[in-house]
Participant: 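Got a structure here, written out as structure tokens. Questions coming.
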Amino acid sequence: MAVMVLVVVVVVLFVLCICSALLRWNELKYRKKGLPPGTMGWPIFGETTEFLKQGPNFMKNQRARYGSFFKSHILGCPTIVSMDPELNRYILMNEAKGLVPGYPQSMLDIMGKCNIAAVHGSTHKYMRGSLLALVSPTLIRSQLLPKIDQFMRAHLSGWDNQVINIQEKTKEMAFLSSLKQVASAECEFIAPVLQPEFFKLVLGTLSLPIDLPGTNYRSGVQARKNIIRILSQLMEERKASKETHQDMLSGLMVSEENKYQLSDEEVIDQIITILYSGYETVSTTSMMAVKYLHDHPKVLQELREEHMAIRERKNPEDPIDFNDLKSMRFTRAVIFETSRLATIVNGVLRKTTEDMELNGFVIPKGWRIYVYTREINYDPFLYPEPLTFNPWRWLDKRLESHNYFFIFGGGTRLCPGKELGIAEISAFLHYFVTRYRWEEVGGDKLMKFPRVEAPNGLHIRVSSY
């Protein structure tokens, strides 16, 4: 018995020594002159596990030890984390000075090398231009809002006297609404095969690039291949038919009228980007708005009054139009406050294209910089009582234009689909609050990091208003 205990003790000590040596070796590997303080964790994996599990607490603990500018190793890359508002603004505004997008390899592999988040310089300007041409105020007014209204009206019908998972409903809503704008004629035919593949793709974008069976990364890469096959077939059918369509796919495909001449590969990556970006922000913001409105009856009352006033000016079947959308001032405030308090987007990644000095430190070429913007959302100087859900603060329009307003990105990377996303959420809230009242079933847990989600769903009991 004593021998067994001794063997166990020796094995444990040996393992501890190996672990200690690996950690020490990894720290020495990245101990270059001029780097900011911080820890690098394990070889290959770095501190990714701690980062994903602890989220904001990991960031706060590291900042308490090393300040607001520190080194780490997350999502497969040596990374500098910046939590300084002034420095973050400088990084976001100076892409031309060698601070280009630096998203994880898993996201680049799955979203495609031509997606707008991966490219920079003149290519980014061209790709961004092709997206902006699809979501101009004129097109939102004439084409996109009518489609959104028609879809929301149908999607939100028949929910009364049911217990529904609002997380599942808003995910489905965001995906199908975007798909209807992308391929209006074929939407109902391709949605059943495209939707499950798309959800796998989303899961794969925030994973370690480990290409093994059963991993989210492998599943995401395979889902991308399946989506490319579906979209390629759709594009070939459109080329053969020569029919004209008023949708985003038609706006991206090569024709004499199009200012932006994209290759098929670029078109597919743009479509995936449109579906992905709209899905992530619109679905989560819509779900969390329902949550916050339930918890704050006075906010719900004012929001409902705004939308009932719009309905009173219309016949029951009249759609909401662009003027109605512009009149939804409190709705816009609710959307902004939901995005701020829930922190739908925690930050953005940049990459250095050469050795450069930042904040008195030398950042090596090829390192990622994580512009961590989460904490700015809870700054009491910008947002008094920052943990309070207070949409009225956004009725002061100056708040949307302050120097540290990063909810929708910043600089040349400001979200091109910002106003379209707001239109979708506004239409969703319009039909939801004018048709229904709801209460939470209870017991559902919410996670705020790395994505805002309810692991077991967010269930509500819906009844007619």
Side-chain angles (χ1 to χ4, degrees), residues 148-149 151-178 199 202 278-308 310-311 320 325 328-345 377 387-394 407 420-449 451-465:
I148 291 168
D149 180 272
F151 170 79
M152 294 297 177
R153 188 186 294 267
H155 187 71
L156 273 79
S157 63
W159 287 15
D160 53 315
N161 301 318
Q162 290 190 41
V163 172
I164 65 169
N165 179 354
I166 193 63
Q167 176 173 254
E168 186 179 276
K169 288 288 188 182
T170 53
K171 282 183 176 181
E172 185 180 67
M173 173 268 289
F175 172 75
L176 293 176
S177 178
S178 291
F199 288 169
V202 171
Y279 168 81
E280 281 283 274
T281 51
V282 170
S283 65
T284 309
T285 306
S286 300
M287 177 186 76
M288 291 306 297
V290 170
K291 166 67 176 169
Y292 290 144
L293 289 169
H294 171 270
D295 295 346
H296 300 84
K298 289 184 178 178
V299 179
L300 174 58
Q301 180 181 348
E302 179 144 347
L303 182 76
R304 185 170 271 145
E305 286 174 358
E306 180 172 84
H307 287 280
M308 285 300 186
I310 292 171
R311 288 259 57 96
I320 54 174
L325 186 64
M328 297 178 187
R329 292 183 64 242
F330 193 69
T331 304
R332 188 179 182 91
V334 167
I335 292 168
F336 276 55
E337 183 70 348
T338 299
S339 298
R340 181 197 70 81
L341 188 58
T343 306
I344 309 301
V345 178
N377 291 344
L387 299 181
T388 300
F389 184 68
N390 175 19
W392 288 275
R393 71 173 94 235
W394 294 97
I407 290 174
L420 177 60
I422 290 172
E424 287 187 288
I425 300 166
S426 299
F428 166 77
L429 290 174
H430 176 79
Y431 287 109
F432 191 61
V433 303
T434 56
R435 288 180 176 181
Y436 304 116
R437 65 179 81 245
W438 69 98
E439 58 184 21
E440 290 185 5
V441 173
D444 292 325
K445 178 184 176 184
L446 273 172
M447 288 176 57
K448 296 290 187 72
F449 197 90
R451 286 188 168 101
V452 178
E453 63 178 339
N456 300 312
L458 186 62
H459 296 84
I460 58 174
R461 182 174 288 106
V462 181
S463 56
S464 295
Y465 179 69

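All residue numbers in this chain count up from 1 along the given sequence.
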Participant: Which pair of non-hydrogen atoms, one from E440 and one from H294, has the smallest distance, and what is that distance?
Facilitator: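 Result for this residue pair: N-NE2, 3.3 Å.
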Participant: Would you mind reporting whether I320 and H307 have side-chain heavy atoms less than 4.5 Å apart?
Facilitator: no
Participant: Using the six-membered ring wherever Trp is involved, compare the ring planes of W438 and F432 and label them parallel, tilted or perpendicular (cut-offs 30° and 60°).
Facilitator: tilted
Participant: Heavy-atom distance under 4.5 Å between the side chains of M308 and T434, does that happen here?
Facilitator: yes
Participant: I want to check something: taking the side chain as every heavy atom from C-beta on, are V202 and E280 in contact at a cut-off of under 4.5 Å?
Facilitator: yes
Participant: For the backbone of A154 and the side chain of S157, can you confirm whether one donor and one acceptor N or O come within less than 3.5 Å of each other?
Facilitator: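 Between the backbone of A154 and the side chain of S157 there is a qualifying donor-acceptor contact (under 3.5 Å).
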Participant: Counting distance only, does the side-chain N/O of R332 pair as donor-acceptor with the main-chain N or O of S426 below 3.5 Å?
Facilitator: no
Participant: Please report the closest heavy-atom contact between I344 and T281, naming both atoms and the distance.
Facilitator: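 Nearest pair, atom of I344 first, then T281: CG2-CA, 4.2 Å.
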Participant: At their closest point, which heavy atom of R340 faces which heavy atom of T388, and how far apart are they?
Facilitator: NH2-O, 3.3 Å
Participant: Could you tell me whether E168 and K171 have a side-chain N and a carboxylate O separated by less than 4.0 Å?
Facilitator: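 Looking at K171 together with E168, the answer is no, because their closest N to O distance does not fall below 4.0 Å.
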Participant: Side chain to side chain contact (heavy atoms under 4.5 Å, CB included) between L300 and R437: does it pass, once the steps are laid out?
Facilitator: CA-CA 10 Å; L300 174 58; R437 65 179 81 245; over 6 Å; no
Participant: Which heavy-atom pair separates A333 from P391 by the least distance, and what is that distance?
Facilitator: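 Heavy atoms of A333 and P391 come nearest at CB-O, 3.2 Å.
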Participant: Which of parallel (below 30°), tilted (30 to 60°) and perpendicular (above 60°) describes H296 and Y292?
Facilitator: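 Because their plane-to-plane angle is over 60°, the rings of H296 and Y292 count as perpendicular.
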Participant: Check whether any side-chain N or O of E439 sits under 3.5 Å from a backbone N or O of R461 as a donor-acceptor pair, and report yes or no.
Facilitator: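 Between the backbone of R461 and the side chain of E439 there is no qualifying donor-acceptor contact (under 3.5 Å).
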Participant: Rounded to the nearest 0.5 Å, what separation is found between the OH atom of Y436 and the OG atom of S464?
Facilitator: 7.0 Å
Participant: Do the non-hydrogen side-chain atoms of E453 and L458 ever get within less than 4.5 Å of each other?
Facilitator: no
Participant: Rounded to the nearest 0.5 Å, what separates atom CE in M288 from atom NZ in K291?
Facilitator: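 Taking CE in M288 and NZ in K291, the distance rounds to 7.0 Å.
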Participant: Decide yes or no for N456 and K445: does some side-chain heavy atom of the first lie under 4.5 Å from some side-chain heavy atom of the second?
Facilitator: no
Participant: Quick one: sort the W392 and F330 rings into parallel, tilted or perpendicular, breaks at 30° and 60°.
Facilitator: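 Rings of W392 and F330: tilted, as their planes differ by 30° to 60°.
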Participant: Take I166 and V462, measure what side chain to side chain contact (heavy atoms under 4.5 Å, CB included) needs, and give me the verdict at the end.
Facilitator: CA-CA 10 Å; I166 193 63; V462 181; over 6 Å; no
Participant: Quick check: closest heavy atoms across A454 and L446, and the distance to 0.1 Å?
Facilitator: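 Between these two residues, the closest heavy atoms are CB-CD2, 4.0 Å.
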Participant: For S178 and E424, what are the C-alpha separation, side-chain angles and deciding distance, and is it a side chain to side chain contact (heavy atoms under 4.5 Å, CB included)?
Facilitator: CA-CA 9 Å; S178 291; E424 287 187 288; 4.2 Å; yes
Participant: Roughly how far apart are M152 CE and L176 CG, rounded to 0.5 Å?
Facilitator: 9.5 Å
Participant: By the definition side chain to side chain contact (heavy atoms under 4.5 Å, CB included), identify the one residue from I335, V290, V334, T170 that meets it with T285.
Facilitator: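 For T285, the side chain to side chain contact (heavy atoms under 4.5 Å, CB included) check succeeds only for I335.
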Participant: Working to the nearest 0.5 angstrom, can you tell me the gap between T338 OG1 and L293 CG?
Facilitator: 6.5 Å
Participant: Determine the sole option in H430, E306, E302 for which the side-chain hydrogen bond (donor to acceptor under 3.5 Å, both in side chains) test with T331 is passed.
Facilitator: E306
Participant: Measure the OG-CD distance between S283 and E172 for me, rounded to the nearest 0.5 Å.
Facilitator: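 Nearest 0.5 Å value for the OG-CD distance: 11.5 Å.
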Participant: Do V282 and F428 have side chains that get closer than 4.5 Å, going by heavy atoms?
Facilitator: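 No, too far: nothing below the 4.5 Å cut-off.
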Participant: In terms of the angle between their ring planes, are W159 and H155 parallel, tilted or perpendicular, with boundaries placed at 30° and 60°?
Facilitator: perpendicular
Participant: Less than 4.5 Å apart, side chain to side chain, heavy atoms only: is that true for Y465 and V433?
Facilitator: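 They are not in side-chain contact.
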Participant: Look up atom CE in M287 and atom CD1 in I425, then write down how far apart they are to the nearest 0.5 Å.
Facilitator: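 One gets 12.0 Å once the value is rounded to the nearest 0.5 Å.
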Participant: Do you know which two heavy atoms are closest between K448 and L341, and how far apart they sit?
Facilitator: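 Where K448 meets L341 most closely, the heavy atoms are NZ-O, 4.4 Å.
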